[in-house]
Amino acid sequence: MMDTVSAMSPAALSSSTLLLTAILLSCADGKTESVYWKNKQLNLHVISRLNPAEKKNGELSNDPITFNTNLMGYPDRPGWLRYIQRTPYSDGVLYGSPTFESVGKPTVIEITAYNRRTFETARHNLILNIMSAEDFPLPYQAEFFIKNMNVEEMLASEILGDFLGAVKNVWQPERLNAINITSALDRGGRVPLPINDMKEGVYVMVGADVPFSSCLKEVENPQNQLRCSQEMEPAISCDKKFRAQFNIDWCKISLVDKTKQVLFAQEVVHGEGILPDAGEYRPPSEALKSRDYYADFLITLAVPSAVAIVLFAILGYIMCCRREGIIQLVHHSAIQKSTKELRDMSNNREIAWPLSTLPVFHPVTGEMVPPLHTDNYDNTNMPLMQTQQTMPHQTQIPQQQNAG
């Protein structure tokens with residue numbers, strides 16, 4: 001089963017000339033369709049997943065189907081043409097506002113349908129004939145940022161018609177068209193978190209033939225500009241006309257008056273970065289004198305080599321002759337030797353006690369006293385703390401007695 005698109009006629013949305021068409025993608029490969037678009041206004045192509053047989057019989061297919069679109073001979077679409085298909089189970093939409101350079105040039109778009117269940121494919125060529133819309137200029141353009149909408153929701157005829165109707169009530173123009181619709185993600189916005197039914201946001205540019213209303217100009221007054229700089233909502237009197245269905249960020253509204261934009265012819269000033277016109281280029285003649293580059297080659301090779309040799313010599317002298325770790329090695333060797341001697345002394349406990357641990361003088365009389373133990377004293381069984389007992393040469397301090 002292959003995808004098809006039901007044909008629709010252009011629909012007028014709230015006094016706008018929005019062109020809403022649909023593509024018929026038949027089961028036959030290589031079929032070509034031709035549609036007409038106008039520049040400087042929004043154009044849509046809705047790609048449906050149903051073929052005519054299913055529509056006739058009332059049967060619906062639940063096959064996952066994806067569409068790929070590209071300009072014939074190129075891997076992608078033109079810069080002004082966008083395509084969106086949220087899931088393989090939803091329809092695809094081609095939309096965009098052709099530029100002035102595309103007027104009069106047929107643009108061939110290749111649409112490839114791919115059935116992910118049956119692995120069938122079909123290709124459909126769509127020829128976009130771009131016509132000029134300069135007969136009804138819209139010099140006053142306003143771009144709104146709607147925070148509670150996705151681009152595919154805004155492209156629906158009834159939603160876009162409601163928005164244009166609200167703008168018309170505020171602006172009161174004779175002619176009002178939707179010029180372009182852009183997703184916030186294409187402007188560098190962040191993907192919203194999948195909570196609380198958050199939306200990506202969409203930019204909608206509309207054009208009219210009359211100057212901006214006083215309500216739209218309220219965004220430019222200093223008080224609202226200050227509130228926007230402090231991340232506060234500005235006070236707009238006509239916001240209640242949109243609030244019921246559209247949550248507009250008035251700090252991101254853009255008002256463009258093309259009647260005040262005067263194009264000045266920029267003169268080319270010869271200066272830095274611009275070469276003067278010297279006429280026709282004349283290459284040098286073939287009768288040039290030969291030049292010997294041997295001396296230049298030697299100089300180019302010898303000087304870096306000499307510098308490298310000097311640097312290697314200095315580095316070798318520092319590494320080999322100026323070693324600063326010899327003193328540390330000697331100190332480390334002395335510590336190891338002392339550690340070894342202490343370990344030997346702890347293993348042999350039969351040696352004499354160090355002289356520093358023996359008493360030399362009596363603390364009271366000052367006479368020489370013998371050591372507390374003889375040389376053959378078993379010091380291995382000596383307790384760490386001896387009990388108090390009367391020892392020879394031990395002075396006893398008399399204690400005072402109470403009067404009672």
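Values below: all heavy atoms of this structure, side chains included; hydrogens, waters and symmetry mates excluded. Quantities reported herein were computed from a predicted structural model and do not represent experimental measurements.
A pairwise comparison of heavy atoms in Leu255 and Leu216 identifies CD1-O, 3.5 Å as the closest pair. Asn224 and Val219 get closest at one heavy-atom pair: CB-O, 3.9 Å. Taking each heavy atom of Asn125 and Arg123 in turn, the nearest pair found is OD1-CG, 4.1 Å. Shortest non-hydrogen contact noted between Pro78 and Thr107 is CG-CG2, 4.1 Å. The two residues Lys147 and Lys199 have their closest heavy-atom pair at O-CB, 3.6 Å. Closest heavy-atom contact between Thr66 and Arg116: CG2-NE, 3.2 Å.
A distance of 12.5 Å separates NZ in Lys241 from CD1 in Ile248, rounded to the nearest 0.5 Å. Gln336 contributes atom CD, which lies 12.5 Å from atom CD of Glu341 (distance to the nearest 0.5 angstrom). With rounding to the nearest 0.5 angstrom, the CD1 atom of Ile84 is 7.5 Å from the CG atom of Leu155. Atom CD of Glu174 is separated from atom CG of Leu138 by 11.5 Å, given to the nearest 0.5 angstrom. Atom OG1 of Thr182 is separated from atom CE of Met154 by 12.0 Å, given to the nearest 0.5 angstrom. In this structure, Gln230 CD and Cys251 SG are separated by 10.5 Å, a value rounded to the nearest 0.5 Å.
Looking only at atom types and distance, the side chain of Thr69 has no donor-acceptor partner in the side chain of Glu110 under 3.5 Å away. Side chains of Asn39 and Ser97: a donor-acceptor N/O pair is absent below 3.5 angstrom, by distance only.
Ile109 is not listed as a side-chain neighbour of Met72, based on a closest heavy-atom distance of 4.5 Å or more. Taking 4.5 Å as the limit, every side-chain heavy atom of Val108 sits out of range of all side-chain heavy atoms of Leu126. Asn129 has its side chain within reach of Ser34: a pair of non-hydrogen atoms, C-beta onward, lies under 4.5 Å apart. Between Phe246 and Asp162, some side-chain heavy-atom pair lies under the 4.5 Å cut-off. Side-chain contact between Leu176 and Trp171: present, with at least one pair of heavy atoms (C-beta onward) separated by less than 4.5 Å. Side-chain contact between Lys168 and Pro173 is present, with heavy atoms from C-beta onward closer than 4.5 Å. The closest side-chain heavy-atom distance from Ile181 to Val151 is below 4.5 Å. A 4.5 Å side-chain heavy-atom check between Ile179 and Gln41 finds every atom pair outside the cut-off.
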Derivation and outcome, ring-ring contact (aromatic ring centres under 6.0 Å, His included), residues Phe144 and Tyr203: CA-CA 6 Å; Phe144 300 85; Tyr203 290 88; over 10 Å; no
Test log, rule side chain to side chain contact (heavy atoms under 4.5 Å, CB included), inputs Val256 and Tyr140: CA-CA 6 Å; Val256 179; Tyr140 303 96; over 6 Å; no
- request: List the steps and the verdict of side-chain hydrogen bond (donor to acceptor under 3.5 Å, both in side chains) for Asn115 and Thr121.
  value: CA-CA 6 Å; Asn115 192 320; Thr121 58; over 6 Å; no
query: Could you walk me through whether Glu143 and Val204 pass the side chain to side chain contact (heavy atoms under 4.5 Å, CB included) check?
result: CA-CA 5 Å; Glu143 187 178 53; Val204 181; over 6 Å; no
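In this structure, Arg77 forms no cation-pi arrangement with Tyr83, as its terminal cationic atom is not both closer than 6.0 Å to the ring centre and no more than 45° off the ring axis. Judged by the 6.0 Å distance and 45° axis criteria, Lys252 is positioned over the aromatic ring of Phe145.
Checking side-chain atoms of Thr339 against main-chain N and O of Ile335 turns up a donor-acceptor pair under 3.5 Å. Between the Gln85 side chain and the Ile65 main chain, a donor and an acceptor come within less than 3.5 Å of each other. With hydrogens and angles disregarded, a donor-acceptor distance shorter than 3.5 Å links the side chain of Asn70 to the backbone of Tyr74. Between the side chain of Gln245 and the backbone N or O of Phe242, no donor-acceptor pair lies under 3.5 Å. At least one donor-acceptor pair under 3.5 Å links the side chain of Asn43 to the backbone N or O of Lys38. Without hydrogens or angle criteria, Asn221 side chain to Glu218 main chain gives a donor-acceptor distance under 3.5 Å. Judged by distance alone, with hydrogens and angles left aside, the side-chain atoms of Asp197 form no donor-acceptor pair with the main-chain N or O of Asn148 at under 3.5 Å. Between the Asn150 side chain and the Glu200 main chain, a donor and an acceptor come within less than 3.5 Å of each other.
Applying the side chain to side chain donor-acceptor pair (under 3.5 Å) rule to Asp239 yields the partners Arg243, Trp250; only residues at least two apart in sequence or on another chain are considered. Scored by the side chain to side chain donor-acceptor pair (under 3.5 Å) test, Asp186 finds Arg82 as partners (sequence neighbours excluded).
With respect to His45, the ring-ring contact (aromatic ring centres under 6.0 Å, His included) criterion is satisfied by exactly one of Phe67, Trp37, Tyr36: Trp37.
Counting non-hydrogen atoms of other residues, nucleotides and ligands closer than 6.0 Å to CD of Glu231 gives a total of 12 or fewer. When the shell of 6.0 Å around CD of Glu233 is examined, it contains 12 or fewer heavy atoms from other residues, nucleotides or ligands.
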Which donor-acceptor pairs under 3.5 Å do the side chains of residues 292-303 make with protein atoms, sequence neighbours left out?
| unit_1 | atom_1 | unit_2 | atom_2 | d |
| --- | --- | --- | --- | --- |
| Asp292 | OD1 | Tyr294 | N | 3.1 |
| Thr300 | OG1 | Asp296 | O | 2.6 |

